Number of protein chains: 2
Amino acid sequence: MACDTPLTERRLGKRGQTLIAAGESGPAWRVVEGIVRLDLPVPFGEEPGEEHFVGIAWGGDLIGAEALMFGRYGYTATAVTPVILEGWSSAAAKEPAALLYARFEHRMGEVLRLRAGKAPERIARLFELAQSAGAEPLRLRLRDIAAITGLRIETVSRTLKAMEVGG
Amino acid sequence: MACDTPLTERRLGKRGQTLIAAGESGPAWRVVEGIVRLDLPVPFGEEPGEEHFVGIAWGGDLIGAEALMFGRYGYTATAVTPVILEGWSSAAAKEPAALLYARFEHRMGEVLRLRAGKAPERIARLFELAQSAGAEPLRLRLRDIAAITGLRIETVSRTLKAMEVGG
DNA sequence: CGACTATTTGACCCTTCTCAAATCGGGTGG
DNA sequence: CCACCCGATTTGAGAAGGGTCAAATAGTCG
């Protein structure tokens with residue numbers, strides 16, 4: 001860790017990389033570029049290996065902030081696109097609470113829109129989001145697209161093929 | 001609740017009542033009891049009268065906080081169940097930002113779960129949520145159930161009937 | 001090259017959406 | 001008290017859209 005910059009420690013993540021693991025401890029990060037998906041480990045004795053998708057973060061969103069409060073990360077964060085993270089400390093946070101809430105509302109609306117409408121619309125919106133989040137290669141894994149849009153991998157595959165022919 | 005302090009103004013809302021109207025100005029509120037749905041007025045020249053569901057709030061969540069920042073409410077809030085609101089001022093807010101984030105992650109996960117799985121599961125989860133939010137009569141309007149779960153009103157009607165027979 | 005993981009494809013079934021029309025209530029003006 | 005209107009629910013029938021299960025292909029990384 002060449003931590004010679006006094007202010008903002010940065011960290012890169014490749015597509016598919018686990019950025020934060022539920023149960024472990026560490027700092028909070030701000031998602032500067034790219035998209036991150038958040039999953040909860042299965043609550044009860046369900047399929048081990050399965051996870052519950054609980055949200056995405058991008059464009060300045062904070063991830064892992066709960067570790068500052070409770071000591072451990074509450075969920076797993078994985079890079080959906082290549083990402084750039086920036087260390088975040090609560091001391092450095094100057095955003096007023098009302099602004100945080102406003103940002104939340106917007107974020108929740110975006111996430112919900114990814115679960116509304118038919119398969120092609122959902123997937124298209126996800127790609128738009130990825131593009132606006134500054135993800136360069138714009139190549140997403142089907143499993144991520146499926147988890148985020150609430151579709152099946154097979155459906156995503158077929159829809160994607162249909163889309164590139166039509167549009 | 002021996003809270004007779006002059007500071008916390010309370011307000012009741014009946015099912016279906018508009019609590020906050022997009023574009024108007026006013027204070028922020030904390031949802032003490034019940035469930036509130038949030039909608040965005042249609043962005044462009046789409047079906048007038050239609051709204052985009054962008055989230056729900058309950059159990060201590062804040063609504064209308066963006067009016068503190070931007071002067072106007074950014075979305076419409078409607079009572080899905082009878083609700084109790086409590087006036088909120090940013091000055092009174094002492095929750096650390098990290099806690100706000102943690103709460104929000106949880107909230108987003110809950111909302112997403114209401115859009116996952118088949119119709120009966122979604123609807124059942126919404127009723128559980130409504131119950132946990134302290135809504136007494138537990139009678140929801142079909143249009144609200146449909147908007148929140150992302151189903152059609154007809155589907156909700158049919159599913160509800162099938163559910164009360166089976167379970 | 002070999003083991004694995006990710007993506008495609010096929011065939012078929014089930015859910016949910018659609019479009020229409022019938023009912024059910026609750027108010028209202030006579 | 002009754003006829004009527006309007007929004008909210010129900011019901012029907014048929015069509016799409018996705019989900020499932022199974023197998024075949026492409027990629028990847030040692």
Side-chain angles (χ1 to χ4, degrees), chain A residues 13-18 35 37 39 46-53 76 78-82 112-127 130 135 137-167, chain B residues 14-18 37 39 46-53 78-82 112-127 130 137-167:
Chain A
K14 288 185 301 186
R15 183 160 54 98
Q17 186 175 339
T18 297
I35 292 188
R37 65 175 272 196
D39 297 85
E46 293 176 40
E47 312 283 323
E50 289 273 317
E51 294 192 320
H52 283 313
F53 170 71
T76 297
T78 318
V80 169
T81 68
L112 271 174
R113 277 164 50 77
L114 294 170
R115 291 249 170 160
K118 304 200 171 155
E121 308 168 40
R122 297 189 195 187
I123 295 176
R125 278 197 284 260
L126 176 56
F127 275 100
L138 263 194
R139 185 174 163 66
L140 312 183
R141 292 182 308 174
L142 295 195
R143 53 147 64 171
D144 289 329
I145 301 177
I148 294 172
T149 58
L151 300 167
R152 295 282 125 178
I153 290 184
E154 297 94 322
T155 302
V156 173
S157 174
R158 283 186 252 258
T159 306
L160 236 28
K161 165 162 290 194
M163 286 169 76
E164 70 192 24
V165 171
Chain B
K14 290 185 298 185
R15 182 160 54 96
Q17 186 175 338
T18 296
R37 65 175 274 196
D39 297 85
E46 293 177 41
E47 312 283 322
E50 289 274 317
E51 295 193 319
H52 282 313
F53 171 71
T78 318
V80 169
T81 68
L112 271 174
R113 279 165 49 76
L114 293 171
R115 291 251 170 159
K118 303 197 172 157
E121 308 168 40
R122 297 189 195 187
I123 295 177
R125 278 197 285 261
L126 176 56
F127 275 100
L138 264 193
R139 184 172 165 67
L140 313 183
R141 290 183 308 174
L142 295 195
R143 51 146 68 169
D144 289 328
I145 301 178
I148 294 172
T149 58
L151 300 167
R152 294 282 125 179
I153 290 185
E154 296 95 321
T155 303
V156 173
S157 174
R158 284 186 252 259
T159 306
L160 236 29
K161 165 162 289 192
M163 287 168 77
E164 69 191 23
V165 171

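Just so you know, these numbers use all the heavy atoms, side chains as well, and skip hydrogens, waters and symmetry mates. Predicted, not measured: the structure shown is a model, and the values here were computed from it.
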- Message: If the helix axis at each end comes from five base pairs, how far does the helix from C:dC1-D:dG30 to C:dG30-D:dC1 deviate from straight, to 10°?
- Response: 40°
- Message: It should be established whether A:Lys161 places a side-chain nitrogen or oxygen under 4.0 Å from OP1 or OP2 of nucleotide C:dT7.
- Response: no
- Between D:dT9 atom P and B:Arg152 atom CZ, what is the distance in whole Å? 15 Å
- Starting at CZ of A:Arg122 and ending at C1' of D:dG17, how long is that distance when rounded to a whole Å? 11 Å
- Query: To the nearest angstrom, how far is A:Leu160 atom CG from C:dA6 atom C1'?
  - Reply: 13 Å
- Item | Flag side-chain contact, heavy atom, 4.5 Å: B:Arg37 against B:Thr78 | yes
- Is there a donor and acceptor pair, one atom on the side chain of B:Arg158 and one on the base of C:dT18, closer than 3.5 Å? yes
- Task: Return no unless some side-chain N or O of B:Arg141 is found under 4.0 Å from OP1 or OP2 of D:dA8.
- Result: no
- Between B:Lys118 and B:Arg15, the residue closer to the 5' end of DNA chain D by nearest nucleotide is B:Arg15
- Note on the structure: B:Arg139 CZ to D:dA8 P, in whole Å, measures 13 Å
- Task: Kindly determine whether B:Leu151 and B:Thr159 satisfy side-chain contact (heavy atoms from CB on, under 4.5 Å), including the steps that lead there.
- Result: CA-CA 10 Å; B:Leu151 300 167; B:Thr159 306; 5.5 Å; no
- Is any side-chain nitrogen or oxygen of A:Thr155 closer than 4.0 Å to OP1 or OP2 of D:dG19? yes
- Could you say whether A:Pro120 or A:Glu154 is positioned toward the 5' end of DNA chain D, judged by the nucleotide with the nearest heavy atom to each? A:Pro120
- Task: Would you kindly give the CE-to-C1' distance between B:Met163 and C:dT16, to the nearest whole Å?
- Result: 16 Å
- Message: So A:Gly117, base contact, sugar-phosphate only, or nothing? Heavy-atom distance under 4.0 Å.
- Response: nothing
